[in-house]
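Please read the structure below before turning to the comments.
Index from 1, following the sequence. Counting convention: from 1, in listed order, for ligands and their atoms alike.
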Amino acid sequence: MPGLRCLPALLFLLAAFPVSAETDFHFEGAFRQGGLVTGKAPLGATLRFEGKSLRLSREGDFVIAFGRNAKPEAALAYRLADGSEGVRRLAIAKGHFSVEKIDGLAPDKVSPNAANLARIRKEGAELAKIRRGDRDEALFANGFAWPVRGRISGVYGSQRILNGTARSPHAGTDIAAAKGTPVRAPADAVVAYRRSDLFFTGQTLVLDHGHGVFSIYAHLDRIDVAEGARVAKGAPIAAIGASGRATAPHLHWGISWFGVSVDPELVAGHMPKGHRKPKPKAPKGNEAPKAP
Ligand SMILES: [Zn+2]
């Protein structure tokens, strides 16, 4: 009897899509400073997050993020297909960020000269522009995996004090691995940008995962994909190196949402076994200072 066979599916659908607006949204990710949260909204809904209109895929996929200094609460306003409206108050947990003191760096690495400063600003503006893109494709929706396995040598959000002066917090995760180790796409993407010689980040690659989500790969030894190419989750895209201002081979991996940097460790989950985190507050010094 086909009617009875459909019953479990029907019950499942009722459970998965209850009628109450409070539970109509499905979220995945960390509601925490540095977190990226993907969600599914009921079909026909429109959303605003902290006053910004959100893009939704045809299936209702959307994405939001909380920066390192996000306030304890954020507002997600919705309007459903039936015209009903409301606001979800999202509680954002505080992140725990370490302080890294690195002394004894060569002064010109901490305070670049005027010519280098101009170059740093130009490159920074170019990267910022790319990362504000808003591709109409929810390529992020299948989740993120680690692009490479290795010892985590630098964590997101740590405040860097270089030769006694406070600098920008670290905007990504550093993963130490041997030169030449393949780097794989952590999620489906389109290659947004590749450069061979940026001042700080050396050989640099940026992937576009749609709806304002981008990931960046720095200090590479080699880049294997062309701008505009589509890459599938798990595909090799580059090789680990020490280009730019790095003293040892490692990958600087960053993820951002409309330029707001989030914590790749929160997005990709724990590094698979066998790769430990460093002790907190240990000086790393495997990466040069960020621009002032
Ligand atoms: Zn880094």
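- Between Glu123 and Arg195 no salt bridge is recorded (no basic side-chain N to carboxylate O distance below 4.0 Å).
- For His252, the N, O or S atom with the smallest separation from the Zn ion (ligand 1) is ND1.
- Among the atoms of His170, an N, O or S atom falls under 2.8 Å of the Zn ion (ligand 1).
- When you scan the N, O or S atoms of Asp174 for the one nearest the Zn ion (ligand 1), you land on OD1.
- Between Tyr78 and Phe25, the ring center distance clears the sub-6.0 Å criterion.
- Ion pair Asp224/Arg222 flagged as a salt bridge, since at least one NZ, NE, NH1 or NH2 atom sits closer than 4.0 Å to an Asp/Glu carboxylate oxygen.
- In summary, Glu137 and Arg230 engage in a salt bridge, as defined by a charged side-chain N under 4.0 Å from a carboxylate O.
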